[in-house]
Amino acid sequence: MAYDYQTIEAKWQKRWAEDHTFEVEEDPTRPKFYNVCMYPYPSGDIHMGHVRNYTYGDLLTRYKTMRGFNVLSPMGWDSFGLPAENAAIKTGVHPRIFTENQISRMRDQIKRLGAVYDWRREVAVHRPDYYRWNQWLFLELYDRGLAYKKNAPVNWCPKDQTVLANEQVVDGLCERCDTPVIKRDLDQWFFKITDYAQQLLDDLDGLEWPERVVTMQRNWIGRSEGCQFTMQVADTEFSFEVYTTRPDTAFGMTFAVLAPEHPLVEQLIAGGEVESEARAYIERARNASEIERLADGDKTGVFTGFEAINPVNGRRVPIYIADYVLMGYGTGAIMAVPGQDQRDWDFARKYGIDIIRTVQPPDGWEGDAYTGDGPAINSEFLDGLEMVEAKARIIEWFEERGIGKGTVNFRLRDWLISRQRYWGTPIPMVTCSDCGLVPVPREELPVIHPDVEDYAPEGRSPLAGVDEFVNVDCPKCGGPAQRETDTMDTFVDSSWYFLRYADASNETEAFDPDKARYWMPLDQYIGGIEHAVLHLLYARFITKFLHDMDMVDVVEPFAKLFTQGMIVLAGGKMSKSKGNVVAPDEFFESHGADALRLYHLFIGPPTDGAVWNDNGVDGTFRFLDRVWRMATGEFAETTERDETGADREVLADAHRTLQKVTSDIERFTFNTAVAALMEYSNALSAYLREGGRTETLRECVRLILLMLSPMAPHLAHELWERGGYDGMLAEQAWPDWDPDLVRRDSVTMVVQVNGKVRDRVGVSADISEAEAEALARSLEKVRPWLEGVTVRKVIAR
RNA sequence: GCCGGAGUGGCGGAAUUGGCAGACGCGAUGGACUCAAAAUCCAUUGUCCUUUGGGCGUGCGGGUUCGAGUCCCGCCUCCGGCACCA
């Protein structure tokens, strides 16, 4: 009987579903294992990135189950977002219909991969029973001052007439039409993630995460220690605060800079000589795209006509307006020290401003600004001090006089969650002319999207065009009020979905705290590296918030993170627009899901990216077919030959393979686990070629099937059943290897002279060192190399 | 510019603690089977030489060591992330 993967795969997928094999309940008597693959956007078709992701996740679900864990592996849909809305703009089909359709197609494909989930817990964030809890979460944050509205510059595409999320701006261009993106000021909702900046930084230390993801988050949070101090504007009553990480260089300040958006700017220029020039500059800075502003790094600015007084030495320095200073970081104003900062150097050079070095550069220094360490110079009481001491000394000096203090700054900004979009969670707020911002009462949730005629955004959410949605009675005073028409960033949805899995049909709470307590944290989270900062940071923030609300025990949601590399096709990352997508469906037909899964495991280290190669699936298919033929007796006739040596050896090899596969799965090197199984199948087929014993073959096959069960589950289950082994394979325990069998009686001793291999000889494993040395010295191939004195060690492996 | 990662056959990759470099697979070549093909099976497959053996070989240049793909110093190249963050 040939290996009929199509029939077998359909049969077992049905069986696992009907038997509820992978549905689990909370069970305090067993160790739990909460295993989650990042939920996908329902694009309609799974691609090779999904296949890789779910193959790893499914392997773990099945393996950990065999190891006796109570394994929860759920699946859901990140089903709000742009593609459905774009499709609606194009075709007029409601995003909900489009999305549900995509979900059911994609769910079918995931099932055809043989990946098993507890589907009772499925979540889809676009459904009101899910997103009402986004609205609840928003209100909880609002009540605690962690959700607030303010006017802020946002990314704006002048061609599409729409706001873009940061992640939709690629190298300063609109992702959809490649138009340079500019900033526009709009009233926006923010979540105050910056309140948690220090905790988000500190708690990274306890996570079993890839180092590079931790590093990226650390950089993103961007803690810096410095000093904030006040500067007087000469001959006025105005003053402003500056922030610097190099207060030790304050004696080198030769000018000061205000960001164009700095509130003091208006007061300084109003009615002055430079007013028109300054206004023109500010206007240009506001409208310029990121690309224009950074064009060839050229620094531009306008002199305000005012001077500031450097508090450390009383020197008067000119105040400029320049767009290389950002309003969003620090105080939006800087002391400029060209001797120690390259940007200040460039600006000073261009505008003919003095440069004073306050740190002695090393001998032979020919560069511009010197930003390194060295003794302070030209700095009065700091002279001779190294950077660290000089910093401490000057901060002390500022603090003694009450004009400055040591401070900490973060690069992390508050999370802008407003989107002028239809297909997202409506923000549950209304604005009343009398009461101002008023939350929608919780009992009125969910605020549901009304249907609209036109989904095209025109600088405001399509919801703003639906009068009966917008105009409501104020929940507080009953007077006329308007609903918020923006929707939430879809990253809000994904920042807590893993809690909803604990009880996805809960109608009274976002999630059941007791069930969540049992399952949290995730023991394994698997996904793409592209989420290293956004999703993985937001989810940490929301978890910490829920912890502070006493709804969650843990402070970190994802104990262990695995980020898989990206699958590429020769010629770059797979994407529909490039037309280089390899569809998994074709392989379900041509090679079967098991061969496809196995190739994904085999293609290379899971952390690395990989280049897709169709022929690779031929290889894993051939391997599975060979296993099939050996297990079904089609490969070779077995005899009752009882040759103890060969029998014991092939069995011992099976146990050694088991040892290797087990440790490879534990350390996430699935490629070598598959290689070990292939190597073993070669050894077994060599054994069978000579005519092996039936019982030996049967035991070897039993072990192979147990090992293959998490990797190629359909084939393994079918052969298990046909072989008449007990029960369903998925419910068997992962086997233990026999230490006696694994131990080798004889080993190959490699003899090296001066690090070069000169001979190999088979010896007994318990050979003494002296014997080994004597033997090695006596070897014909070794003797000629031993002319002089030798220092040597015996290695026996 | 800063941070992180990686360079090994024709290709994907292996070598887990400094100890047989190239496991396993793909591709290729030759053979068996076949009227033929496919499938399958067997063999070979880093490179060079004076081939029962030996030299060279893990991006480049040094170093440590009996011994280095692995450790140290200095470079080069590629990939990813952040980027006028004071």
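Each chain gets a letter, A, B and so on, in the order its sequence line appears, and its residues count up from 1. Side chains are part of it too, since the values below use all heavy atoms of this structure and drop only hydrogens, waters and symmetry mates.
Within the shown strands, B:C60 is the pairing partner of B:G74 under the Watson-Crick or G-U definition, both distances less than 3.5 Å. Of all nucleotides present, only B:U44 satisfies the Watson-Crick or G-U wobble test against B:A28, with each distance under 3.5 Å. Under the Watson-Crick or G-U wobble criterion, with both distances below 3.5 Å, B:C82 is paired with B:G1. Summarising the base pairing, B:C66 is matched to B:G19 through a Watson-Crick or G-U wobble pair whose two defining distances lie under 3.5 Å.
For B:A86 and B:G5, the C1' atoms lie 29 Å apart once the distance is rounded to whole Å. For the C1' atoms, the distance from B:C3 to B:G9 is 33 Å, rounded to whole Å. For the C1' atom pair drawn from B:G7 and B:G13, the interatomic distance equals 13 Å after rounding to whole Å. Nucleotides B:C60 and B:G10, compared at atom C1', are 23 Å apart to the nearest Å. Taking atom P on both B:U29 and B:U77, the two are 38 Å apart, rounded to the nearest angstrom.
Distances were taken from every side-chain heavy atom of A:Arg629 (C-beta onward) to each of B:A86, B:C41, B:A15; the shortest belongs to B:C41. The side chain of A:Arg411 has B:C82 as its nearest neighbour among B:C41, B:C82, B:C24. Distance from the side chain of A:Asp341 is smallest for B:A86 among the nucleotides B:C84, B:G25, B:A86. Comparing atom distances between the A:Arg667 side chain and each of B:A86, B:U16, B:C24 picks out B:U16 as nearest. Listed candidates were B:A86, B:U16, B:G25. Nearest to the side chain of A:Thr245 is B:A86. Distance from the side chain of A:Tyr329 is smallest for B:A86 among the nucleotides B:C24, B:A86, B:G13.
Nucleic acid contact class of A:Arg223 (heavy atoms, under 4.0 Å, all strands): none. Residue-level contact check: A:Ser224 touches the backbone only, with heavy atoms under 4.0 Å from sugar-phosphate atoms and none from bases. Looking at heavy-atom distances under 4.0 Å, A:Ile334 makes contact with a base. Counting non-hydrogen atoms under 4.0 angstrom, A:Asp664 reaches a base of the nucleic acid.
Between A:Asp625 and A:Arg629 a salt bridge is recorded (basic side-chain N to carboxylate O distance below 4.0 Å). Residues A:Glu649 and A:Arg656 are paired through a salt bridge, judged by an N-O separation under 4.0 Å between the basic side chain and the carboxylate. Salt-bridge annotation for A:Asp653 and A:Lys660: absent, with no side-chain N of the basic residue lying under 4.0 Å from a carboxylate O of the acidic one.
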Using the 3.5 Å cut-off, write out each protein N or O paired with an N or O of nucleotides 72-75 of chain B and the distance between them.
none

Distances under 3.5 Å between protein N/O atoms and the N/O atoms of nucleotides 2-9 of chain B, please, pair by pair.
residue : atom : partner  : partner atom : Å
B:C3    : O2'  : A:Asn219 : ND2          : 3.4

Could you list, one pair per line, each protein nitrogen or oxygen that sits under 3.5 Å from a nitrogen or oxygen of nucleotides 26-28 of chain B, together with the distance?
residue : atom : partner  : partner atom : Å
B:C26   : OP1  : A:Arg622 : NE           : 2.9
B:C26   : OP1  : A:Arg622 : NH2          : 2.8
B:G27   : OP2  : A:Arg622 : NH2          : 3.1

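Residue-environment remark: CZ (A:Arg349) stays at or below the threshold of 12 foreign heavy atoms within 6.0 Å. Heavy atoms of other residues, nucleotides or ligands lying less than 6.0 angstrom from CZ of A:Arg223 number more than 12.
Taking atom CG on A:Leu598 and atom P on B:G25, their separation rounds to 12 Å, with Å as the unit. A:Asp323 has its CG atom 17 Å from the P atom of B:A86, to the nearest Å. Look at CG on A:Asn671: it is 15 Å from C1' on B:G22, rounded to the nearest Å.
Of the residues near RNA chain B, A:Trp220 and A:Lys660, the one whose nearest nucleotide (by heavy atom distance) lies more toward the 5' end is A:Lys660.
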Practice prompt. Go through A:Tyr320 and A:Phe347 one step at a time and tell me if the ring-ring contact (aromatic ring centres under 6.0 Å, His included) criterion holds.
Written response: CA-CA 10 Å; A:Tyr320 283 81; A:Phe347 193 86; 5.1 Å; yes
